[in-house]
Amino acid sequence: MSNLYTIQKRFDTVQSYANHEELLIHILQVYLDAFPIKDAYLLRYSPIGFVAEGIIFLNESGGSHIGEIREEIRSFPIIYAAIEDKKAKFCTGMDYLKNISMKYSIPSQNNSFLIVPIYIGQYVFGYICSTQLEEEIDINDKLLDDMTTFGNMIGQLIIQARNSKKEGFLSKRELEVMRQVAQGDSTKEIADVMQLSELTITQYVKSAIKKLRAKNRSHAISILYQEGIIL
């Protein structure tokens with residue numbers, strides 16, 4: 001298992017990643033190399049509605065997109081606790097059966113679930129979870145503390161990478177609206193939250209699509225994710 005200094009050195013050059021997705025894959029690869037873990041699910045998290053959405057899955061056999069995963073995390077006590085406490089959490093045995101979702105389940109004799117929140121300060125915007133651990137590994141407090149530090153480390157890395165993409169080509173309002181669109185909110189819902197008219201929200205979306213040179217809303221959101229402007 002790598003120490004935290006070695007992990008940090010593997011993240012020193014944010015600019016070396018061709019795009020945001022490549023950075024996220026690299027983060028998961030470092031996670032798998034550094035800790036006694038065999039798989040990793042990366043999800044983004046929004047405190048609005050307590051919703052988590054899948055991004056990428058990675059294990060020793062390869063990776064895949066997991067956009068079909070969408071969770072209301074209050075239904076999973078261990079995930080909710082990790083996000084509220086901003087600390088890595090682990091469960092096994094009967095606690096596993098109470099906490100795990102079948103969407104994460106891979107047939108195994110090791111009924112275990114580990115979650116590492118991705119955060120900066122008080123702001124949690126994602127998490128990594130794992131269900132496959134190396135055999136006969138002791139998940140102790142020291143290891144969980146190291147994983148918590150890792151979550152903060154990559155939180156800073158992702159924000160640094162995002163800021164390096166010069167997100168300013170969208171106005172503050174346009175970016176705020178597009179983040180809401182990315183979370184699946186309707187025009188009316190966004191208008192209600194931002195206390196603006198639906199027409200104004202529509203204009204912000206159209207303006208953002210034009211600036212991004214996108215074909216439609218979905219294409220615009222895809223560009224924003226790829227560039228790391230939204231997670």
Here the gap from Ile69 atom CD1 to Arg44 atom CZ, rounded to the nearest 0.5 Å, amounts to 11.5 Å
Residues Ala208 and Leu170: closest non-hydrogen pair is CA-CD2, 3.9 Å
Here the pair of heavy atoms bringing Met178 nearest to Ile221 is O-CD1, 3.4 Å
Going through the checks in order, is the side-chain contact (heavy atoms from CB on, under 4.5 Å) test met by Leu42 and Leu58? CA-CA 9 Å; Leu42 176 64; Leu58 193 67; over 6 Å; no
For Gly155 and Ile118, the nearest pair of non-hydrogen atoms, with its separation, is CA-CG2, 3.7 Å
In terms of heavy-atom contacts, Asp185 and Gln180 come closest through OD2-OE1, 2.7 Å
Applying side chain to side chain donor-acceptor pair (under 3.5 Å) to Asn152 and not counting sequence neighbours gives Gln156
With sequence neighbours left out, the residues meeting side chain to side chain contact (heavy atoms under 4.5 Å, CB included) with Asn140 are Asp138, Lys142, Leu143
By side chain to side chain donor-acceptor pair (under 3.5 Å), Gln203 pairs with (sequence neighbours left out) none
Worksheet entry | Minimum side-chain heavy-atom gap Lys38-Asn59 below 4.5 Å | no
By side chain to side chain donor-acceptor pair (under 3.5 Å), Ser64 pairs with (sequence neighbours left out) none
Would Ile115 and Tyr80 count as a side-chain contact (heavy atoms from CB on, under 4.5 Å) if you check the C-alpha gap in whole Å, the side-chain angles of each, and the deciding distance to 0.1 Å? CA-CA 10 Å; Ile115 171 171; Tyr80 186 61; over 6 Å; no
- Is any side-chain heavy atom of Val181 less than 4.5 Å from a side-chain heavy atom of Ile201? no
Check your understanding: Do Glu176 and Arg179 sit within salt-bridge range, that is, some charged N less than 4.0 Å from a carboxylate O?
Key -> no
On a heavy-atom basis, the closest approach of Glu68 and His65 is OE1-O, 3.9 Å
CD1 of Ile139 to CG of Leu114, rounded to nearest 0.5 Å, is 6.0 Å
- Query: Hey, mind stepping through Leu133 and Phe90 against side-chain contact (heavy atoms from CB on, under 4.5 Å) and telling me if it holds?
  - Reply: CA-CA 11 Å; Leu133 282 61; Phe90 172 73; 3.5 Å; yes
Task: Any donor-acceptor pair under 3.5 Å from Glu71 side chain to Ile73 backbone - done: no
dist Leu24:CG -> Ile158:CD1 (nearest 0.5 Å) comes out at 5.5 Å
To the nearest 0.5 Å, atom CG of Asp33 lies from atom NE2 of His26 at 9.0 Å
Sorted by chain and number, sequence neighbours left out, side chain to side chain donor-acceptor pair (under 3.5 Å) with Ser218 holds for none
Value for CD1 (Ile37) from OG1 (Thr131), rounded to nearest 0.5 Å, stands at 9.5 Å
Arg217 meets the salt bridge (Lys or Arg N to Asp or Glu O under 4.0 Å) criterion, sequence neighbours left out, with none
Residues passing the salt bridge (Lys or Arg N to Asp or Glu O under 4.0 Å) test with Lys188, sequence neighbours excluded, are Asp192
Residue set satisfying salt bridge (Lys or Arg N to Asp or Glu O under 4.0 Å) with Lys211, at least two apart, ordered chain then number -> Glu174
With sequence neighbours left out, the residues meeting ring pair (Phe, Tyr, Trp, His ring centres under 6.0 Å) with Tyr31 are Phe35, Phe150
By side chain to side chain contact (heavy atoms under 4.5 Å, CB included), Ser197 pairs with (sequence neighbours left out) Leu199, Thr200
Those residues at least two apart in sequence (or on a different chain) that pass salt bridge (Lys or Arg N to Asp or Glu O under 4.0 Å) with Glu198 are none
Test side-chain contact (heavy atoms from CB on, under 4.5 Å), reference Asp39, set Cys129, Ser61, Ser130, output is Ser130
Identify all side-chain donor-acceptor contacts of residues 46-57 below 3.5 Å with residues at least two apart in sequence or on another chain.
residue : atom : partner : partner atom : Å
Ser46   : OG   : Ile48   : N            : 3.2
Ser46   : OG   : Gln183  : NE2          : 3.2
Glu53   : OE2  : Arg70   : NH1          : 2.3

Q) Is Lys86 atom NZ crowded by more than 12 heavy atoms from other residues, nucleotides or ligands, each under 6.0 Å away? A) yes
Requested in this report: List the steps and the verdict of side-chain contact (heavy atoms from CB on, under 4.5 Å) for Ile128 and Ile154.
Outcome: CA-CA 11 Å; Ile128 300 172; Ile154 63 174; 3.9 Å; yes
Of all heavy-atom pairs linking Ile79 and Phe113, the shortest is CG1-CE2, 4.0 Å
